[in-house]
Asks: 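The structure follows.
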Amino acid sequence: MSTNGQTSRPDRNLALELVRVTEAAALAAARMVGRGDKEGADQAAVDAMRAVLDSVSMDGVVVIGEGEKDEAPMLYNGERVGDGSQPEVDVAVDPLEGTRLTALGMPSALAVIALGPRGSMFDPGPCFYMEKIAGGPDIADLLDLDRPLPETLQLIAERKGRDIRDVMVVMLDRERHNDAMREVREAGARVRLILDGDVSAAMLAVSENSSVDLLWGIGGTPEGVISAAAIKCIGGQLLGRLWPRNDEERQASIDAGYDLERVLNCDDLIAGDDCFFSATGVTDGDVLEGVRYQSDRSASTESMVMRSRSGTVRRISARHDRTKLRALVAGRYG
């Protein structure tokens, strides 16, 4: 489980270094868009992210990674990353959020990384899923995992001065959400279903001028931690509660000391006031454009990088010389 002590505080904007990491992962994964190979796309992103991550000036430990060491050849939970210099940080990575989206050539696949001071990041332990609800700063105080969803939607409509028919909820298209979908629609609100990618969806739910008002559903706990880092920078709130998939996972979580009734907010998931987040688009989406190929030599990316301490959110459009990048990182770039 997490500890909230901080051994060192980052004193520079690491987000500006992390964007190189997500750009590398996105460029590598984008070569696999539409090729029907989820594992190949993910491996390409992992290899490229790992190659660049070790050049970042930090002493990092992966808290949210690709899995356990025996199951993940790189970027596994507990792996040390960075060049070993200060500051000491926790790292959460999703080299390719949306492996299926990438394989099928569908929207909103991202390469994502977040980090915070050592001991600040919530470790979900054996619990892979969590209930989540997220919204922007104007409705943050209305979020509640225990209140019936239709009541929350009515409160959101009133707060925003809208008819409830204009309220949009984004959720993963999963059978476990069928009852909630029906409740939302019966209340008069609308549902936007996504195949995968609830980090992107959470960012959309808290962004200004978005068509989405609320994220709701049961999704990955690792994605919840990464989303919390983004939301601490953008503003808004995410609430989560661990959701064991079966009795075995429930008992393992209890044995590890997790309180399964506890509602976690962004400060619980990422403690402190100095976390960093970077995301680069792989395929086009509502939040970011995907990788564009101008020629066999040139490609462009769009990224969002941010820091909670300053509240600065940057969009970075970059052009890349793919030939030079391949030479620098042993061909791992696309």
Asks: Take a 6.0 Å sphere around CZ of R245 and say whether it holds more than 12 heavy atoms from other residues, nucleotides or ligands.
Replies: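 Count over threshold, so yes.
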Asks: Quick one: closest heavy-atom pair of H177 and I218, and the distance?
Replies: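 Reported closest heavy-atom pair: NE2-N, 2.8 Å.
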Asks: Given side chains that start at C-beta, do those of C266 and Q237 come closer than 4.5 Å, heavy atoms only?
Replies: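 Side chain of C266 against side chain of Q237, heavy atoms only: contact under 4.5 Å found.
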Asks: Could you give me the CA-CA distance, side-chain angles and deciding distance for E17 and S57, then say whether side-chain contact (heavy atoms from CB on, under 4.5 Å) is met?
Replies: CA-CA 8 Å; E17 299 181 51; S57 298; 4.2 Å; yes
Asks: Under 4.5 Å between any side-chain heavy atoms of V91 and M58, yes or no?
Replies: yes
Asks: Report the residues that fulfil side-chain contact (heavy atoms from CB on, under 4.5 Å) with A230, sequence neighbours left out, ordered by chain and then residue number.
Replies: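 Testing A230 for side-chain contact (heavy atoms from CB on, under 4.5 Å), a comparison that skips the adjacent residues, returns M203, F277, M306.
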Asks: Apply side-chain contact (heavy atoms from CB on, under 4.5 Å) to L14 and V56, showing your working.
Replies: CA-CA 8 Å; L14 281 169; V56 178; 4.3 Å; yes
Asks: What pairs with S211 under side-chain contact (heavy atoms from CB on, under 4.5 Å), at least two apart in sequence or on another chain?
Replies: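 S211: side-chain contact (heavy atoms from CB on, under 4.5 Å) contacts with R192.
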Asks: Any carboxylate oxygen within less than 4.0 angstrom of a Lys/Arg side-chain nitrogen, looking at R241 and E261?
Replies: no
Asks: Where is the tightest heavy-atom contact between G65 and V93, given as atom of each residue plus distance?
Replies: CA-CG2, 3.9 Å
Asks: Set out, in order, the CA-CA distance, both residues' side-chain angles and the distance that settles side-chain contact (heavy atoms from CB on, under 4.5 Å) for Y258 and R250, then state yes or no.
Replies: CA-CA 9 Å; Y258 290 87; R250 174 177 293 277; over 6 Å; no
Asks: How long is the straight-line distance from CD1 of I194 back to CE of M106, given to the nearest 0.5 Å?
Replies: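 One gets 10.5 Å once the value is rounded to the nearest 0.5 Å.
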Asks: Kindly say whether R190 contributes a backbone atom to a donor-acceptor pair with the side chain of R185 at under 3.5 angstrom?
Replies: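 Checked: no pair found.
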Asks: Write out all pairs satisfying salt bridge (Lys or Arg N to Asp or Glu O under 4.0 Å) with one or both partners inside residues 103-113, taking only residues at least two apart or from two chains.
Replies: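 Listed by first then second residue: nothing to list.
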Asks: Within the 4.5 Å heavy-atom criterion, are L195 and L104 side-chain neighbours or not?
Replies: yes
Asks: R174 vs D196, test: salt bridge (Lys or Arg N to Asp or Glu O under 4.0 Å). Steps then yes/no.
Replies: CA-CA 10 Å; R174 300 291 188 270; D196 291 299; 2.8 Å; yes
Asks: Applying ring-ring contact (aromatic ring centres under 6.0 Å, His included), which residue pairs with at least one partner in residues 234-256 are found, sequence neighbours left out?
Replies: none
Asks: Report yes or no: is the cationic atom of R309 (NZ for Lys, CZ for Arg) closer than 6.0 Å to the six-membered ring centre of F276, at no more than 45° off its axis?
Replies: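 No.
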Asks: Is there a side-chain contact between V62 and Y76 (heavy atoms, below 4.5 Å)?
Replies: no
Asks: Nearest 0.5 angstrom please: L260 CG to E249 CD, how far?
Replies: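 So the CG of L260 and the CD of E249 are separated by 9.5 Å.
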Asks: Would you check if E151 and Q154 make a side-chain contact, meaning some heavy-atom pair closer than 4.5 Å?
Replies: no
Asks: Ignoring hydrogens and angles, tell me if any N or O in the side chain of S120 forms a donor-acceptor pair with the backbone of I270 under 3.5 Å.
Replies: no
Asks: Please examine the side chains of P124 and M130, heavy atoms only from C-beta on, and report whether any two atoms are closer than 4.5 Å.
Replies: no
Asks: Any side-chain heavy-atom pair from Q294 and S300 closer than 4.5 angstrom?
Replies: yes
Asks: Say you draw a straight line from CD of E97 to CD1 of I226; how long is it, rounded to the nearest 0.5 Å?
Replies: 7.5 Å
Asks: Mark yes or no: R31 above the aromatic ring of Y293, with NZ or CZ under 6.0 Å from the six-membered ring centre and no more than 45 degrees from the axis.
Replies: yes
Asks: If a pair satisfies side chain to side chain donor-acceptor pair (under 3.5 Å) and one of its residues is in residues 197-209, list it, with sequence neighbours excluded.
Replies: K132-D198
Asks: For residues P107 and L101, report the shortest heavy-atom separation together with the two atoms involved.
Replies: O-CD1, 3.3 Å
Asks: Nearest heavy-atom pair of V206 and G235: which atoms, and what distance?
Replies: CB-O, 3.6 Å
Asks: How long is the straight-line distance from CG of D173 back to CG of N178, given to the nearest 0.5 Å?
Replies: 8.0 Å
Asks: Ignoring hydrogens and geometry, is there a side-chain-to-backbone donor-acceptor pair from D163 to D166 under 3.5 Å?
Replies: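 No, the answer is negative, given that no donor and acceptor are paired below the 3.5 Å cut-off.
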Asks: Go through the structure and list residues passing side-chain hydrogen bond (donor to acceptor under 3.5 Å, both in side chains) with S310, not counting sequence neighbours.
Replies: T312
Asks: Run the salt-bridge test on D213 and R162 with the 4.0 Å N-O cut-off and return the result as yes or no.
Replies: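 Salt bridge present between D213 and R162.
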Asks: Of all heavy-atom pairs between P126 and S253, which one has the smallest distance, and what is that distance?
Replies: CG-OG, 3.6 Å
Asks: Anything under 3.5 Å between a donor and an acceptor, one on a side chain of residues 37-46, the other on a protein residue two or more places apart or in another chain? List them.
Replies:
unit_1: D37; atom_1: OD1; unit_2: E39; atom_2: N; d: 3.4
unit_1: D37; atom_1: OD1; unit_2: G40; atom_2: N; d: 2.8
unit_1: Q43; atom_1: NE2; unit_2: D47; atom_2: OD1; d: 2.8

Asks: Considering residues at least two apart in sequence or located in another chain, which fulfil the side-chain contact (heavy atoms from CB on, under 4.5 Å) criterion with D144?
Replies: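 Testing D144 for side-chain contact (heavy atoms from CB on, under 4.5 Å), a comparison that skips the adjacent residues, returns D146, R147.
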Asks: Could you give all pairs that pass the side chain to side chain donor-acceptor pair (under 3.5 Å) test and reach residues 223-233, with sequence neighbours left out?
Replies: K232-D267
Asks: Let me confirm one number: the CZ-CG distance from R20 to L53, rounded to the nearest 0.5 Å.
Replies: 9.5 Å
Asks: Kindly state each residue pair satisfying salt bridge (Lys or Arg N to Asp or Glu O under 4.0 Å) with at least one member in residues 73-87, sequence neighbours excluded.
Replies: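 Pairs touching residues 73-87 that pass the test: R50-E79, D59-R80.
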Asks: For A15, does its backbone N or O pair with a side-chain atom of S278 as donor and acceptor, under 3.5 Å?
Replies: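 Checked: no pair found.
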Asks: So, taking the atom named CG in L269 and the one named CG in D123, what distance separates them when rounded to the nearest 0.5 Å?
Replies: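 Interatomic distance, L269 CG to D123 CG, rounded to 0.5 Å: 11.5 Å.
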Asks: Step through the shown structure and confirm whether more than 12 heavy atoms of other residues, nucleotides or ligands are within 6.0 Å of CZ on R314.
Replies: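 12 or below, so no.
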Asks: So do L242 and T221 actually touch side chain to side chain, heavy atoms under 4.5 Å?
Replies: yes
Asks: List the residues meeting side-chain contact (heavy atoms from CB on, under 4.5 Å) with A134, not counting sequence neighbours, and say none if there are none.
Replies: L215, I231, L238
Asks: Taking atom CG of D247 as the centre, report whether more than 12 heavy atoms of other residues, nucleotides or ligands fall under 6.0 Å from it.
Replies: no
Asks: Applying side-chain contact (heavy atoms from CB on, under 4.5 Å), run through T301 and L27 and close with a yes or a no.
Replies: CA-CA 8 Å; T301 57; L27 285 164; 3.9 Å; yes
Asks: Treat each ILVMFWY residue as a node, draw an edge where side-chain heavy atoms are under 4.5 Å apart, and state whether L288 and I234 are in one component.
Replies: yes
Asks: Return yes if some donor-acceptor pair links the side-chain N/O of D268 with the main-chain N/O of N265 below 3.5 Å, else return no.
Replies: yes
Asks: Rest of the hydrophobic cluster containing I156 (Ile/Leu/Val/Met/Phe/Trp/Tyr, side-chain heavy atoms under 4.5 Å)?
Replies: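 Its cluster partners, ordered by chain and number, are I133, I139, L142, L143, L145, L149, L153, L155, I164, V167, V169, M171, M181, V184, V191, L193, L214, W216, L239, V263.
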Asks: Return the minimal non-hydrogen interatomic distance between D90 and P117, and the atom names on each side.
Replies: OD2-O, 3.7 Å
Asks: Quick one: does any side-chain atom of S210 pair with a main-chain N or O of A205 as donor and acceptor, under 3.5 Å?
Replies: no
Asks: Are there more than 12 heavy atoms of other residues, nucleotides or ligands under 6.0 Å from atom CZ of R159?
Replies: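 Counting other residues, nucleotides and ligands, CZ of R159 exceeds 12 neighbours.
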Asks: Would you check if the side chain of E66 reaches a backbone N or O of L75 as a donor-acceptor pair within less than 3.5 Å?
Replies: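 Side chain of E66 to backbone of L75, a donor-acceptor pair under 3.5 Å: no, none is there.
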